[in-house]
Protein chains: 2
Amino acid sequence: MKLSTKIRYGTRALVYIAAFGKNRYVSISEISEKENISLKYLENIMTLLKSSGLLRSMQGAGGGYYLAKSIDELTLADIMYSISGPIFLVRCLSEYECNREMECVLKDVWNDVNNVLDKKLRSIKLKNIVKKRKRKIKSFA
Amino acid sequence: MKLSTKIRYGTRALVYIAAFGKNRYVSISEISEKENISLKYLENIMTLLKSSGLLRSMQGAGGGYYLAKSIDELTLADIMYSISGPIFLVRCLSEYECNREMECVLKDVWNDVNNVLDKKLRSIKLKNIVKKRKRKIKSFA
DNA sequence: TAATATCCTACTAAACTAATAGGAATTATA
DNA sequence: TATAATTCCTATTAGTTTAGTAGGATATTA
Ligand code: FES
Ligand code: FES
């Protein structure tokens, strides 16, 4: 149970855009440089975030990415699920073709854990993170 | 974020022992058969559970495994951590040698998620699962 | 037309997961 | 004291996933 680099890098990229991308496009190369993430790898990640509708983009010189939704709306759940697909701790929670359901108590248990995790992830908005970030930076100044 | 087969099989094995192993030893072959888990693979898993102190064992004919603690004490957290090590969603939460801490807001965020998950896992006791199991079986009778 | 971007397709090394395999050591019991 | 049943110990292996790399096509601005 470790978060993948895709999720960690992707989250950092989104936080970066949320913090510095007001009314402008943010390029991958800028994020790559400031956040120390491999440019080409970040490209892959941005594609995922774009194709699930969290980001939009503008091609060509001066182009880049921008948030498709408000920072008050975007949550950690959105980010994680966009990158790695929805979280189902066990297969039986996503595939409804399961022949052990009758005997199996654990399904309910895992479902319970799954829900708690999901609820927590949905409660953390990009806005909260950006705010925290500002406070932190202020406290160092 | 899928649970490994080790965790799923290991949990089932423990639930089995908790349900059917009152005052007796339960052999791997019995669990393997009843729970449809590869004998040799289950052996590996039982070793993990034993060496982290959740199970004890008796060698030789008639031997097998038994719980080292009460079912009221053993939690899902115990089981999962015994099998796969403690959960730290990101490295920075376990290795205190981290040079980005100052700039990094996300550490607190991941820590928060980590704690919620841990708390939930610690709240689910083996006893609860066994009880559920009994109720379920009764409802089919 | 040159520079700066995203977009698209593909490949690859390393790590991890899920098993499998064979046999040694221990214990109960016939 | 054999024999069967069991845990214990050490390895190996096929498959999958992760993390990253590579090269070029396409679009936009200046
Ligand atoms: S194995 Fe499918 S519900 Fe448990
Ligand atoms: S990278 Fe270490 S605290 Fe965030």
Side-chain angles (χ1 to χ4, degrees), chain A residues 1-13 16-17 21 24-68 80 83-85 87-91, chain B residues 1-13 16-17 21 24-68 80 83-85 87-91:
Chain A
M1 297 270 278
K2 282 267 186 289
L3 297 179
S4 66
T5 58
K6 279 192 181 174
I7 284 178
R8 289 188 289 113
Y9 296 171
T11 308
R12 278 161 61 192
Y16 186 92
I17 294 175
R24 71 177 184 102
Y25 301 123
V26 182
S27 72
I28 295 179
S29 59
E30 177 181 343
I31 302 172
S32 156
E33 201 175 311
K34 295 289 175 56
E35 289 287 333
N36 247 290
I37 301 170
S38 144
L39 184 104
K40 276 299 193 178
Y41 194 39
L42 187 55
E43 231 183 271
N44 297 339
I45 299 168
M46 298 300 269
T47 300
L48 293 169
L49 291 167
K50 194 198 164 183
S51 67
S52 32
L54 269 61
L55 290 175
R56 293 209 187 100
S57 62
M58 177 66 177
Q59 229 171 337
Y65 290 88
Y66 59 101
L67 299 180
M80 291 180 60
I83 291 176
S84 305
I87 291 180
F88 293 110
L89 291 180
V90 296
R91 285 239 173 92
Chain B
M1 297 270 279
K2 281 265 186 291
L3 296 180
S4 65
T5 59
K6 280 191 180 173
I7 285 178
R8 289 188 289 112
Y9 295 171
T11 308
R12 277 161 62 191
Y16 186 91
I17 294 175
R24 72 179 184 100
Y25 301 123
V26 183
S27 73
I28 296 180
S29 60
E30 177 181 344
I31 303 172
S32 156
E33 201 175 310
K34 295 289 176 52
E35 289 287 334
N36 246 292
I37 300 170
S38 145
L39 183 104
K40 277 299 195 176
Y41 194 40
L42 187 55
E43 231 184 271
N44 298 338
I45 299 168
M46 297 301 267
T47 299
L48 294 170
L49 291 168
K50 194 198 164 183
S51 67
S52 34
L54 271 62
L55 289 176
R56 294 208 186 102
S57 62
M58 177 66 177
Q59 227 172 340
Y65 290 87
Y66 60 101
L67 299 181
M80 291 180 59
I83 291 176
S84 305
I87 291 180
F88 293 110
L89 291 180
V90 296
R91 284 237 174 93

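All chains are named by letter (A, B, ...) in the order of the sequence lines, taking the proteins before the strands, and each is independently numbered beginning at 1. Heavy-atom basis, side chains included; hydrogens, waters and symmetry copies ignored.
Residues from residues 51-67 of chain A with heavy atoms under 4.0 angstrom of DNA chain D, sorted by number: A:M58, A:Q59, A:G60, A:A61. Contacts between residues 40-48 of chain A and DNA chain D, counted as heavy-atom distances below 4.0 Å, involve A:K40, A:Y41, A:N44.
Spacing between atom CG of A:N36 and atom P of D:dA19 amounts to 17 Å, rounded to whole angstrom units. Atom pair A:I83:CD1 and D:dT17:C1' shows a separation of 16 Å (rounding to whole Å applied). Atom P of nucleotide D:dT26 and atom CD1 of A:I28 are separated by 18 Å, given to the nearest angstrom. In this structure, A:Y25 atom OH and D:dA27 atom C1' are separated by 13 Å, rounded to whole Å.
Within the 4.5 Å cutoff, side-chain heavy atoms of B:I17 are placed close to those of B:L55.
The CE atom of B:M46 lies 10.0 Å from the CD1 atom of B:I83; values are rounded to the nearest 0.5 Å. With rounding to the nearest 0.5 Å, the separation of OG1 in B:T5 from CG in B:L42 is 10.5 Å. Taking CG from B:L3 and CG from A:L89, the interatomic distance works out to 4.5 Å, rounded to the nearest 0.5 Å.
Checked against salt bridge (charged side-chain N to carboxylate O under 4.0 Å, His left out), A:E35 has the following partners two or more places apart in sequence or in another chain: A:R12, B:R100. Shown here are the side chain to side chain contact (heavy atoms under 4.5 Å, CB included) partners of A:S4, two or more places apart in sequence or in another chain: A:K6, A:I7, A:S84.
Think of the region where chain B sits on DNA chain C: with heavy atoms and a 4.0 Å cut, that region ends 5' and 3' at C:dA18 to C:dA28.
Each of A:S29 and A:M1 was assigned the nucleotide of DNA chain C with the nearest heavy atom; the assignment lying further toward the 5' end belongs to A:S29.
Closest approach of B:K50 and B:R56 over heavy atoms only: CG-CA, 4.5 Å.
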For residues 24-34 of chain B, please give each side-chain donor-acceptor pair under 3.5 Å, one per line with the distance, not counting sequence neighbours.
{"unit_1": "B:R24", "atom_1": "NE", "unit_2": "B:F20", "atom_2": "O", "d": "2.9"}
{"unit_1": "B:R24", "atom_1": "NH1", "unit_2": "B:E30", "atom_2": "OE1", "d": "3.2"}
{"unit_1": "B:R24", "atom_1": "NH2", "unit_2": "B:F20", "atom_2": "O", "d": "3.2"}
{"unit_1": "B:R24", "atom_1": "NH2", "unit_2": "B:E30", "atom_2": "OE2", "d": "2.9"}
{"unit_1": "B:S27", "atom_1": "OG", "unit_2": "B:S29", "atom_2": "OG", "d": "3.1"}
{"unit_1": "B:S27", "atom_1": "OG", "unit_2": "B:E30", "atom_2": "N", "d": "3.2"}
{"unit_1": "B:E30", "atom_1": "OE2", "unit_2": "B:Y16", "atom_2": "OH", "d": "2.6"}
{"unit_1": "B:S32", "atom_1": "OG", "unit_2": "B:I37", "atom_2": "O", "d": "2.8"}

